[in-house]
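Just so it is clear, the structure is predicted and the values come from calculations on it, not from any experiment. These values consider heavy atoms only, across backbone and side chains, with no hydrogens, waters or symmetry-generated copies.
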Amino acid sequence: MSTTEPAMDDFLEQKKRVKNPLVPVGALLTAGVLTAGLVSFRQGNSRLGQLLMRARVVVQGATVALMVGTAYYYGEKM
């Protein structure tokens, strides 16, 4: 019943999803470091667990910064 206007179709065709392969890599690294840290805590190695939790924060921050930077970079081009 409802038809989309040609202008809306043009907009949707021009607006393409930008893929950044580093964001999923960062997410996997974050999950891996988190898992290793939790395993270390469970095994009683609190020093290593704390070090891994700090590393997780750094990796997670880098991933978020990469997402924001990519959105800003490609947002300016469109």
Leu28: side chain to side chain contact (heavy atoms under 4.5 Å, CB included) partners, not counting sequence neighbours
none
Which residues, ordered by chain and number, are linked to Val64 in its hydrophobic cluster, where ILVMFWY side chains connect at heavy-atom gaps below 4.5 Å, directly or through other members?
Val68
Apply side chain to side chain contact (heavy atoms under 4.5 Å, CB included) to residues Met53 and Leu34 and explain how you reach the verdict.
CA-CA 7 Å; Met53 288 299 127; Leu34 174 64; 3.8 Å; yes
Can you tell me how far the OG1 atom of Thr35 sits from the CZ atom of Arg56, to the nearest 0.5 Å?
11.0 Å
Of all residues at least two apart in sequence or in a different chain, which pass the side chain to side chain contact (heavy atoms under 4.5 Å, CB included) check with Leu52?
Val33, Ala36, Ser40, Leu48
Do Val59 and Val25 belong to the same hydrophobic cluster, where Ile, Leu, Val, Met, Phe, Trp and Tyr are linked whenever their side-chain heavy atoms lie under 4.5 Å apart, directly or via other members?
yes
How close do Gln50 and Phe41 get, heavy atom to heavy atom, and via which atoms?
N-CZ, 3.6 Å
Closest non-hydrogen atom pair between Thr63 and Val23, with its separation:
CG2-O, 3.9 Å
